[in-house]
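As a basis for the values below, the full set of heavy atoms in this structure was taken, side chains included, without hydrogen atoms, waters or symmetry mates. Each ligand, and each atom within it, is numbered from 1 in the order the structure gives.
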Amino acid sequence: MENQRNVCEIDFLAVSENEALARMVVAAMLMPLNPTVDELADIKTAVSEAVTNAIIHGYNQNAVGMVHMRCELDGKLVTIVVSDHGVGIENIEQAMEPLYTSKPELERSGMGFSFMEAFMETLSVESAPGKGTVVKMTKQICLPEPDGQVPEE
Ligand SMILES: Nc1ncnc2c1ncn2[C@@H]1O[C@H](COP(=O)(O)OP(=O)(O)OP(=O)(O)O)[C@@H](O)[C@H]1O
Ligand SMILES: [Mg+2]
């Protein structure tokens, strides 16, 4: 199969309705690659977590800023970048610890980054207080053979 490449970038207002929008954009982009149900669910969950964080933490649910999402397909490799220009993260290492949340009053469980880490293959977070946050995730998906068979490694 030829090396499929595609890129999509969107900006959307930081409102919770747009979590579904972001998930659907990524899912639609992945369709030509015939991802498995699990692969699709994993990537959609990771996207949801990153976008929710931008909305809830980056912009404190004030619907004041824009979230940017870039999705790139390069053959089997899916790269998703979610960024905001919100409050940023003071201590990235602490923020990425399982169960750490700065908003326990909102009943957040502090598992967003852990899910992104578990469901994707790589996760990197860059952030600066007062400037914003960039979350980059990648995952290789297993392309089926043209006859629908999953290739043996
Ligand atoms: N885009 C962001 N801007 C500012 N702070 C962020 C951002 N993303 C994450 N954080 C910080 O990192 C912490 C951990 O994020 P994580 O997604 O793991 O947990 P959570 O969002 O608090 O809870 P959950 O995702 O389980 O609902 C957040 O509580 C917040 O302090
Ligand atoms: Mg979260």
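Distances between N or O atoms of Ser114 and those of ligand 1 include no value under 3.5 Å. For ligand 1, the polar-atom distance check finds no N/O of Lys103 at less than 3.5 Å from any of the ligand's N/O atoms. Residue Val87 has no N or O atom closer than 3.5 Å to an N or O atom of ligand 1. Residue Phe113 places at least one N or O, backbone or side chain, under 3.5 Å from an N or O of ligand 1.
Nearest to atom 30 (C) of ligand 1 among the protein's heavy atoms is Ser102 OG, 3.4 Å. Atom 20 (P) of ligand 1 has its closest protein heavy atom at His57 NE2, 3.5 Å. What sits closest to atom 8 (N) of ligand 1 on the protein, heavy atoms only, is Asn53 CB, 3.3 Å. The shortest contact between atom 1 (N) of ligand 1 and any protein heavy atom is with Asp84 OD2, 2.9 Å.
Inter-residue side-chain proximity for Val15 and Ile55 is flagged as unmet; no heavy-atom pair is nearer than 4.5 Å. At a threshold of 4.5 Å between non-hydrogen side-chain atoms, the residues Ile80 and Val47 count as touching. For the pair Phe119 and Met137, the minimum side-chain heavy-atom distance is 4.5 Å or more. Contact annotation: the side chain of His68 approaches that of Glu9 to within less than 4.5 Å [non-hydrogen atoms, C-beta and beyond]. Counting only heavy atoms from C-beta outward, the side chains of Val51 and Phe12 approach each other to under 4.5 Å. Two residues are said to be in side-chain contact when any heavy atoms from C-beta on lie closer than 4.5 Å; Val7 and Arg70 meet this criterion. Gln4 has its side chain out of reach of Leu73: every pair of non-hydrogen atoms, C-beta onward, lies at least 4.5 Å apart. For the pair Val67 and Asn18, the minimum side-chain heavy-atom distance is 4.5 Å or more.
For ligand 1, the atoms lying closer than 4.0 Å to a non-hydrogen atom of Thr101 are 20 (P), 22 (O), 29 (O). Of all atoms in ligand 1, listed by their number and element, those nearer than 4.0 Å to a heavy atom of Glu49 are 25 (O). For ligand 1, the atoms lying closer than 4.0 Å to a non-hydrogen atom of Gly112 are 16 (P), 17 (O), 18 (O), 19 (O), 24 (P), 25 (O), 26 (O). Counting atoms of ligand 1 from 1 in the listed order, those under 4.0 Å from a heavy atom of Ala54 are 1 (N).
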Can you give the donor-acceptor pairs under 3.5 Å from side chains of residues 91-104 to other protein atoms, not counting sequence neighbours?
unit_1: Asn91; atom_1: OD1; unit_2: Glu93; atom_2: N; d: 3.3
unit_1: Asn91; atom_1: OD1; unit_2: Gln94; atom_2: N; d: 3.0
unit_1: Thr101; atom_1: OG1; unit_2: Lys103; atom_2: N; d: 3.0
unit_1: Lys103; atom_1: NZ; unit_2: Asn60; atom_2: OD1; d: 2.8

With a cut-off of 3.5 Å and sequence neighbours excluded, list every side-chain donor-acceptor pair involving residues 125-135.
unit_1: Ser127; atom_1: OG; unit_2: Ile89; atom_2: N; d: 2.7
unit_1: Ser127; atom_1: OG; unit_2: Gly132; atom_2: O; d: 3.1
unit_1: Ser127; atom_1: OG; unit_2: Thr133; atom_2: OG1; d: 2.8

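For a distance threshold of 2.8 Å, the protein N, O or S atoms nearer than that to the Mg ion (ligand 2), listed by chain and number, are Asn53 OD1.
Of the candidates Gly88, Gly86, Ala95, the one placing a heavy atom closest to atom 4 (C) of ligand 1 is Gly88. The residue among Gly110, Ala14, Pro129 with a heavy atom at the shortest distance from atom 24 (P) of ligand 1 is Gly110.
The minimum heavy-atom distance linking Cys142 with Glu39 is given by the pair N-OE2, 3.0 Å.
By the 4.0 Å N-to-carboxylate-O rule, Glu121 lies too far from Lys139 to be salt-bridged with it.
With sequence neighbours excluded, no residue satisfies side chain to side chain donor-acceptor pair (under 3.5 Å) with Arg108.
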